[in-house]
Structure formats: C-alpha cells, structure tokens
Amino acid sequence: MHDIRKDMFVLALPMLEKILRPRCAYIFLIVGLRLSGKRELVQLNPFDLVVLLTLSNTVQNAIIGEDNTVTGGVIGATSLLIVNYLVVRFLYKHRALDQFIEGRADILIEDGKIKTQNLKRELITIAQLEAAARKQGFDTLSEVQQCVLESGGTITFLGKKPGSDETRHQALLRRMDVLMEEIAKLREGQPPLKA
C-alpha cells in the first residue's frame with residue numbers, strides 16, 4: 001500500500017543537506033548574476049528572460065536534490081529565505097561591501113547625450129533604450145535629460161526641463177489664447193472674461 005504521509009513529509013535526504021543545498025545555489029546565483037552584468041536583471045529582451053527562467057529551473061534540482069517531499073520543500077525554501085534575510089541585513093550595515101557586490105549605477109544618457117560606450121559595455125541597444133523610455137512615458141530619447149541603469153537593473157529616466165525661454169513662450173501663448181477668447185466674446189457682444 002502507498003504511504004502518502006511518508007511520501008509527503010518524511011525527508012529522503014539528511015536535514016543538513018536540505019539546508020546547505022539552497023545556500024550553495026543562492027551563492028552561485030548571486031555571483032553568477034553579478035558577473036553577467038546588470039543586463040540580466042533588466043530583462044530587456046526575450047533571450048534574457050529565457051535565461052533567467054531556465055536558470056531557475058536548472059538550479060531547482062541542486063536545491064531539492066532527490067527529495068520531493070513537502071517537508072523538504074519547506075526546509076529548502078526556509079533556508080533560502082533565512083540566508084537572503086541575513087545577507088540583506090549584513091549588507092545594509094556594510095555599505096561599502098554592498099556597493100562592491102551590487103556594483104555602481106551606469107549613466108546611459110547625460111545632459112541629453114547618449115553615452116554609447118556605456119551602452120556597449122552593458123550590451124543595450126538604442127532600440128532597447130527607446131523601448132524602456134516609452135514604458136516610462138517618453139516619446140523619444142530627445143526628451144530625456146538623464147538615463148541611469150541602476151545597480152539593481154532598473155533603468156531610470158529624467159526628462160528635460162524646459163528652459164526659461166520655453167517657459168516664457170508657453171506663458172505668452174496661454175495669455176494670447178485668453179485674449180483671443182475675450183476679443184471673440186467682445187465681437188459677439190458678450191462681456192469679457194475676467195483674467
């Protein structure tokens with residue numbers, strides 16, 4: 001007779017092995033993703049997404065081993081969560097080490113000029129950068145003052161601020177629109193609008 005309780009809850013591997021396997025996989029993934037660059041975290045194209053998905057599937061067996069029990073899964077997941085919590089807490093207290101592991105942010109656009117050398121280093125094409133800008137509400141890269149690829153893989157865009165001439169021009173146009181409306185109302189014999 002098939003014993004459901006044993007198949008679901010009795011570990012097939014020693015407890016210590018169930019705790020150490022996820023930690024080894026965690027360390028490997030952190031080092032591997034750091035060495036592969038921030039691009040893997042950005043997921044700019046389908047190839048990067050496929051790599052991340054297959055990577056998780058590949059290390060699954062390394063984490064769980066030959067144990068498919070619920071208890072083994074809970075122990076493995078708990079071990080991953082604990083090691084991640086400890087690493088994050090440790091790095092929070094040691095900013096220099098955190099910056100070394102996370103890396104520095106890369107400026108992709110500065111003062112409206114595209115830094116092609118930084119794009120090449122991060123293997124990001126102009127088309128991918130334009131797509132990321134559109135996701136954040138910019139129609140073209142010419143509207144971008146600064147673009148930063150953050151150390152965590154996020155791309156941040158800052159729009160150009162209109163110059164004082166542009167601001168003054170827009171204010172004059174708005175005032176002219178109001179005046180045109182008042183003139184039209186006067187021609188129709190209606191009282192003018194209060195500005």
Side-chain angles (χ1 to χ4, degrees), residues 29-56 81 84-85 87-195:
L29 287 174
I30 293 295
V31 171
L33 287 172
R34 176 64 180 103
L35 292 176
S36 68
K38 293 181 281 280
R39 176 186 172 77
E40 296 301 324
L41 301 175
V42 177
Q43 293 182 22
L44 289 175
N45 66 40
F47 303 112
D48 298 329
L49 179 61
V50 168
V51 167
L52 287 177
L53 291 175
T54 54
L55 189 60
S56 66
L81 292 171
N84 187 59
Y85 174 79
V87 166
V88 169
R89 297 284 291 180
F90 179 79
L91 291 178
Y92 180 77
K93 292 178 182 177
H94 300 88
R95 300 307 292 164
L97 183 59
D98 182 42
Q99 188 172 4
F100 173 75
I101 291 173
E102 291 250 343
R104 295 181 184 262
D106 284 324
I107 297 175
L108 304 178
I109 298 176
E110 187 167 33
D111 296 327
K113 293 179 181 80
I114 298 173
K115 302 276 192 172
T116 53
Q117 198 63 16
N118 292 354
L119 287 176
K120 286 179 184 177
R121 186 176 59 245
E122 294 297 337
L123 301 174
I124 298 173
T125 66
I126 296 290
Q128 291 169 331
L129 193 61
E130 287 172 338
R134 283 190 297 276
K135 285 181 184 176
Q136 291 193 25
F138 295 95
D139 292 328
T140 65
L141 292 179
S142 63
E143 299 174 8
V144 176
Q145 174 69 23
Q146 186 179 43
C147 172
V148 178
L149 176 59
E150 305 291 350
S151 59
T154 305
I155 297 181
T156 306
F157 292 90
L158 297 173
K160 290 182 179 177
K161 293 184 174 123
S164 60
D165 289 341
E166 178 67 23
T167 305
R168 194 169 33 251
H169 178 74
Q170 293 299 324
L172 284 172
L173 287 176
R174 283 191 299 274
R175 182 68 182 142
M176 284 180 63
D177 288 341
V178 170
L179 288 173
M180 293 300 287
E181 288 177 24
E182 287 181 10
I183 290 171
K185 296 240 186 235
L186 284 173
R187 286 186 180 156
E188 295 173 6
Q190 298 177 354
L193 296 172
K194 301 281 191 226

(message) Please report the interatomic distance CZ(Arg174) to CG(Asp177), rounded to the nearest 0.5 Å.
(response) 9.5 Å
(request) For Glu150 and Thr156, work out which heavy atoms get closest and say how close. (result) OE2-OG1, 3.1 Å
(message) Once rounded to the nearest 0.5 Å, what's the spacing between atom CD of Glu130 and atom CD of Gln128?
(response) 10.5 Å
(request) Measure the CZ-CG distance between Arg134 and Leu141 for me, rounded to the nearest 0.5 Å. (result) 8.5 Å
(message) For the CE atom of Met176 and the CG atom of Leu173, what is their distance to the nearest 0.5 Å?
(response) 6.5 Å
(request) Write down the atom of Ile155, the atom of Gln136, and the distance for their closest heavy-atom approach. (result) O-NE2, 2.5 Å
(request) To the nearest 0.5 Å, tell me how far Glu122 CD sits from Lys115 NZ. (result) 14.5 Å
(message) With a 4.5 Å cut-off on side-chain heavy atoms, are Glu143 and Lys160 touching?
(response) no
(message) Quick check: closest heavy atoms across Leu91 and Asp98, and the distance to 0.1 Å?
(response) O-CB, 3.5 Å
(message) Rounded at 0.5 Å granularity, tell me how far CG in Leu186 sits from CG in Leu179.
(response) 10.5 Å
(message) Does either side chain, that of Gln145 or that of Asp111, offer a donor lying less than 3.5 Å from an acceptor on the other one?
(response) yes
(message) Which residue in the set Ile109, Asp106, Leu149, Ile114 passes side chain to side chain contact (heavy atoms under 4.5 Å, CB included) when paired with Leu119?
(response) Ile114
(request) Taking the side chain as every heavy atom from C-beta outward, state whether Phe157 and Leu108 have any pair of such atoms under 4.5 Å apart. (result) no
